[in-house]
K.L.:
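Quick one: structure below, then a few questions.
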Amino acid sequence: MPLPQPCLLCGARDGIRRDGRWHCAVCDWRVGDAPDPDLPPPRIDVVYYLRWRERIKIGTSRQPRQRLTAILHEELLAFERGDRTLEQQRHREFADLREGGEWFRADARLTAHIAGLSGGIRPWDAYARWVADAYRG
Ligand SMILES: [Zn+2]
């Protein structure tokens, strides 16, 4: 069902009605609630998986929206919650597929790992939920 107003946190327009209140269908933020303006935006570190042709970049960012616009890619495959430590772990895990820098060959082992991350949720929807969860504390 369409929300009376787009979600304040993630901009989604679909909502669900629960306990007499509208909730965002994507991140579950309660419509009408406003994040405390005195609090800094929550810090959400993610490891991202970006595809360009037959290669996949594994990197990390705490500002994925800005970061991803700066990287040439065809498709965002997944986000995984984690920072530099997890990124380094993934780089070691798939070291045999490394083609240079943070780019890895899109081998079946790597694509299976990525497919297992999403749980059928689109990357930006997953990110919106993490942000909403962090705001809720
Ligand atoms: Zn939302």
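Heads up: numbering here begins at 1 and tracks the sequence. We count ligands from 1, going down the list as the structure has it; atoms in each ligand are counted the same way. On a predicted model such as this, the values are computed, not experimentally measured, just so you know.
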K.L.:
Val31 and Arg21: which non-hydrogen atoms are nearest, and at how many Å?
P.N.:
O-NH2, 3.3 Å
K.L.:
Identify, with sequence neighbours excluded, every residue that meets side-chain hydrogen bond (donor to acceptor under 3.5 Å, both in side chains) alongside Glu102.
P.N.:
Lys57
K.L.:
Are Trp130 and Tyr48 joined in one hydrophobic group, where the rule is that I, L, V, M, F, W and Y side chains link up if heavy atoms are under 4.5 Å apart?
P.N.:
yes
K.L.:
Both conditions, 6.0 Å and 45 degrees, for the charged tip of Arg65 above the ring of Trp124: are they met here?
P.N.:
yes
K.L.:
Around the Zn ion (ligand 1), what protein N, O or S atoms are found below 2.8 Å?
P.N.:
Cys7 SG, Cys10 SG, Cys24 SG, Cys27 SG
K.L.:
So does Gln66 have more than 12 non-hydrogen atoms from other groups sitting under 6.0 Å from CD?
P.N.:
yes
K.L.:
Report yes or no: does Arg129 contribute a side-chain atom to a donor-acceptor pair with the main-chain N or O of Val26 at less than 3.5 Å?
P.N.:
yes
